[in-house]
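This report refers to the structure that appears directly beneath it.
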Amino acid sequence: MTDPAWPRPRRGYWRYSALVTAILGALVLLVIELFRPSHQAPPDPAESLPGGSTTRAMGVQKTFLEPAANLSLERQLEFYSGGSLFRQAWLMAPSSTTLRDGLGPLFNARACSTCHVRGGGGRPPLTPQEPMVSLTLRLSIPGADPHLGVAPEPTYGDQLQILGTALTKKAGLSPGDDAPEGHGPVGEGFGEVAYKTRHGQYADGDAWELRVPRYSIRDLAYGPLHGDTLLSPRLAPALLGAGLLEAIPEEVVTEMADPEDMDGDGISGRVNRVWDRAQLQVVPGRFGWKASQPNLLQQAAAAFRNDIGITNTLYPSESCTAAQRSCRRARNGRGPGTPHEISDDLLASTTYFLRFLAIPGRRNAQGTEVLEGRHLFRQVGCAACHVPRHVTGELAGFPELSNQIIWPYTDLLLHDMGDGLADGRREFDARGREWRTPPLWGLGWGKRVTGHESYLHDGRARSLSEAILWHGGEAQAAQLVFLNLSRGERQALVAFLESL
Ligand code: HEC
Ligand code: HEC
């Protein structure tokens, strides 16, 4: 099964686009040169503390799972107990401890930290044999459900769950629904990605290389996929500062939106409108690559159920479809008198942990090259979407996160990023070419925390330059200017990103 929405570039497109690139780029550079201020505006001193008073210097053990610097020792206790839920590996039911069982029956990983290693982002598999773990595949067919935002694939549901509690097909339990009574189901299939290389040149003659991914699924355990199935790959993002993003007031986000591009800058920016399962109403979305989750509680609840198979108050049923009988027959992890596999208290505790994840301090923020890159970031137009600075609102019960000046470099809005990045999937109001601007804080620390560099919604970009080169659609103008920068300027822009 391959993705039917695979975009095919038109013949001659790249040659044509190279010409347009050169002409437009030269024009834009001329304009920049004419308006370049004689000296660059000095950076705001607050910029070196991107998370305001939550900012904590990165320790020797590089991790994004440290508590906000302004969290009292008393409140750190709650933070750390949430942290243990984030790291804990769930067990198959029944087990001796009903607090920790309920894994699956279908799942992708046993713990949150399997995908968000040390709170950092995931990566695509390194070899064709390696299972896709921290890169998940969403499945859908045309249509929409107002509460799910998509129409899930009828047999497999909304996400390919690569594992089942039967754990191995070698146990003679394949295909999927032959599992004998008492055994769990087998995983749904094996996600694969293959890359084709695309080459090109910057205006100054330096070469670049991008890898174009193509996704498919083999070893489908429950029969064929629906003929119109759309695959949407999603990489586990880094989680730092999630509570501060949640604390940006709703009015600020809606005010930045410019759906009809009234100011004519070529950049629209739309709010996703998604279903809030606790309030039972439509609200702005904030989290996930398409901003389809409204808040951290619901995001955590969705992760428990979809990624680990732990049911909860917001997602009360196991992710077994009607067609997956062995999944529906499997034992669940609800204790006596408990309606779900994780209680509201423990779900809240996990959310508390996410909310107070610290932002690390910047590196080398005053370096000459970094300051030049900072200037270019604004000149080139990156800041139109990656909005540098926000002030958080007043959050009852969370003084640590309230009224903080923060530097996340996002507008939390959806932007058309062009065909190259499109997944063709509608998710609530988000369209097939739209993605939420990801925050850029902590970007330079990422590779030190995780040991790899994987950017964009599916980790296809192996460097920051590759990530920028993939920008199209509303970001095409900025990408064109980038292509026309000199090597030194490109290095300065990247140095700035790495300092965040
Ligand atoms: C199988 C891998 C996997 C596991 C396990 C997992 N996640 Fe995620 N996480 C993801 C992916 C993929 C996304 C992006 C989802 C999307 O864009 O739709 C994500 C997104 C998130 C986000 C939103 C971040 C943002 O800035 O938008 C949070 C918060 C989060 N996960 C928390 C958790 C918690 C808490 C757990 C454990 C209960 C967990 N995750 C388990 C893969 C995983
Ligand atoms: C029109 C809005 C827009 C503009 C302008 C823009 N970006 Fe982005 N940027 C995005 C979106 C949306 C994504 C996510 C795309 C995806 O994952 O497919 C992104 C992704 C990124 C990423 C990858 C982040 C990650 O965590 O994977 C980097 C780095 C980045 N942008 C830097 C820049 C720089 C530098 C510029 C200026 C040259 C720029 N962007 C201009 C919207 C924009």
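Computed from a predicted structure; not experimentally measured.
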Heavy-atom nearest pair, His386 first then Pro438, reads ND1-O, 3.4 Å

From Leu49 CG over to Asp44 CG, what is the distance, rounded to the nearest 0.5 angstrom? 10.0 Å

Is the backbone of Arg123 close enough, under 3.5 Å, to the side chain of Ser134 for a donor and an acceptor to pair up by distance? yes

Ignoring hydrogens, what is the shortest heavy-atom contact between Ala89 and Ala111? Give both atom names and the distance. CA-CB, 4.1 Å

Between the side chain of Ser113 and the main-chain N/O of His116, is any donor-acceptor distance below 3.5 Å? no

Arg286/Asp276 ion pair, N-O < 4.0 Å: no

How long is the span from the CH2 atom in Trp470 to the CG atom in Leu210, to the nearest 0.5 Å? 5.5 Å

I'd like to know if Glu66 pairs up with Arg118 as an ion pair, taking the criterion as any Lys NZ or Arg NE/NH1/NH2 lying under 4.0 Å from an Asp or Glu carboxylate oxygen. no

The complete set of side chain to side chain donor-acceptor pair (under 3.5 Å) pairs with one or both residues in residues 387-397, sequence neighbours excluded, reads Glu394-Asn403

Is a side-chain N or O of His471 found less than 3.5 angstrom from the main chain of Ala467, in a donor-acceptor match? yes

Residues, nucleotides or ligands: over 12 heavy atoms within 6.0 Å of Arg487 CZ: no

Between CG on residue Leu85 and OG1 on residue Thr350, distance to nearest 0.5 Å: 4.0 Å

Donor + acceptor pair across side chains of Asp307, Gln159 (<3.5 Å): yes

Kindly indicate, with the supporting measurements, whether the criterion side-chain contact (heavy atoms from CB on, under 4.5 Å) is fulfilled by Val271 and Leu414. CA-CA 6 Å; Val271 177; Leu414 298 169; over 6 Å; no

Can you label the angle between the Tyr202 ring and the Phe482 ring as parallel, tilted or perpendicular, going by 30° and 60°? perpendicular

How many angstroms lie between atom CD of Gln161 and atom CD1 of Ile308, to the nearest 0.5 angstrom? 11.5 Å

Side chain Glu130, main chain Leu126, donor-acceptor under 3.5 Å: yes

Return the OG to CG distance between Ser486 and Asp204, rounded to the nearest 0.5 Å. 7.0 Å

Hey, does Arg431 have a side-chain heavy atom less than 4.5 Å from the side chain of Asp416? no

Can you confirm whether Leu483 sits close enough to Leu469 that some side-chain heavy atom of one is under 4.5 Å from a side-chain heavy atom of the other? yes

Check the orientation of Tyr409 and Phe377. Use parallel for under 30°, tilted for 30 to 60°, and perpendicular for over 60°. perpendicular

Do NZ/NE/NH1/NH2 and the carboxylate oxygens of Glu246 and Arg355 come within less than 4.0 Å? yes

Nearest heavy atoms of Leu245 and Pro408, plus distance in Å: CD2-CB, 3.9 Å

Sole residue of Arg433, Arg138, Arg234 in salt bridge (charged side-chain N to carboxylate O under 4.0 Å, His left out) with Asp423: Arg234

Does Arg211 use its side chain to pair, donor to acceptor, with the backbone of Arg460 at less than 3.5 Å? yes

Contact check, side chains of Leu65 and Phe86, non-hydrogen atoms, under 4.5 Å: yes

With side chains defined as the heavy atoms from C-beta onward, is the minimum distance between Pro50 and Thr55 less than 4.5 Å? yes

So does Leu160 get a backbone contact from the side chain of Asn108, meaning a donor-acceptor N/O pair under 3.5 Å? yes

For Leu240 and Pro360, which heavy atoms make the closest approach, and how far apart are they? CD1-CD, 3.6 Å

Begin with the C-alpha distance, continue with both residues' side-chain angles, and end with the deciding distance and a verdict on side-chain contact (heavy atoms from CB on, under 4.5 Å) for Leu139 and Leu230. CA-CA 6 Å; Leu139 312 171; Leu230 205 62; over 6 Å; no

Return yes if some donor-acceptor pair links the side-chain N/O of Trp289 with the main-chain N/O of Leu235 below 3.5 Å, else return no. yes

So Leu244 and Ile359, do their side chains get closer than 4.5 Å, heavy atoms only? yes

Backbone N or O of Leu480 within a donor-acceptor pair of the Asn484 side chain at under 3.5 Å? yes

State plainly whether the residues Arg374 and Glu47 are in salt-bridge range, i.e. N to O under 4.0 Å. yes

Closest approach of Gly397 and Arg75, non-hydrogen atoms and distance? O-NH2, 3.0 Å

Quick one: do Val253 and Asp411 satisfy side-chain contact (heavy atoms from CB on, under 4.5 Å)? Show the steps, please. CA-CA 7 Å; Val253 179; Asp411 55 6; over 6 Å; no

Can you tell me if Ser268 and Glu260 form a side-chain donor-acceptor pair at under 3.5 Å? no

For the pair Thr229 and Ser140, evaluate side-chain contact (heavy atoms from CB on, under 4.5 Å) and give the outcome as yes or no after the intermediate values. CA-CA 6 Å; Thr229 303; Ser140 56; over 6 Å; no

Any side-chain heavy atom of Asn272 sitting closer than 4.5 Å to one from Ser292? yes

The single option from Arg277, Gln298, Gln299 passing side chain to side chain donor-acceptor pair (under 3.5 Å) against Gln293: Gln298

Per-pair distances, 0.1 Å, donor-acceptor, side chain in residues 491-500, under 3.5 Å, sequence neighbours excluded:
residue, atom, partner, partner atom, Å
Glu498, OE2, Lys447, NZ, 2.8
Ser499, OG, Arg362, NH2, 2.6
Ser499, OG, Phe496, O, 2.7

Does Tyr315 have Arg305 sitting over its ring (NZ/CZ under 6.0 Å from centre, angle to axis within 45°)? no

Tell me the ring-ring contact (aromatic ring centres under 6.0 Å, His included) pairs involving residues 430-466, sequence neighbours left out? Trp435-His457

Count the heavy atoms of every other residue, nucleotide or ligand shown that sit under 6.0 Å from CD of Glu74, and state whether that count exceeds 12. no

Any side-chain heavy-atom pair from Glu489 and Glu372 closer than 4.5 angstrom? yes

Using 0.5 Å steps for rounding, measure from the SG atom of Cys115 to the CG atom of Leu135. 9.5 Å

Under 3.5 Å: donor-acceptor pair, side chain of Glu466, backbone of Arg462: yes

Report yes if the side chains of Met256 and Leu413 come closer than 4.5 Å at any heavy-atom pair, otherwise no. yes

Hey, are Thr54 and Glu400 close enough side-chain-wise for a donor-acceptor pair under 3.5 Å? no

Tell me if a side-chain donor or acceptor on Glu474 pairs with a main-chain N or O of Gly266 at a distance below 3.5 Å. no

Give a yes or no on whether a salt bridge exists between Arg490 and Asp206, defined as a side-chain N under 4.0 angstrom from a carboxylate O. yes

Taking the basic N atoms (NZ, or NE/NH1/NH2) and the acidic carboxylate oxygens, is any pair closer than 4.0 Å for Glu209 and Arg198? no

Of all heavy-atom pairs linking Tyr195 and Pro124, the shortest is OH-CB, 3.4 Å

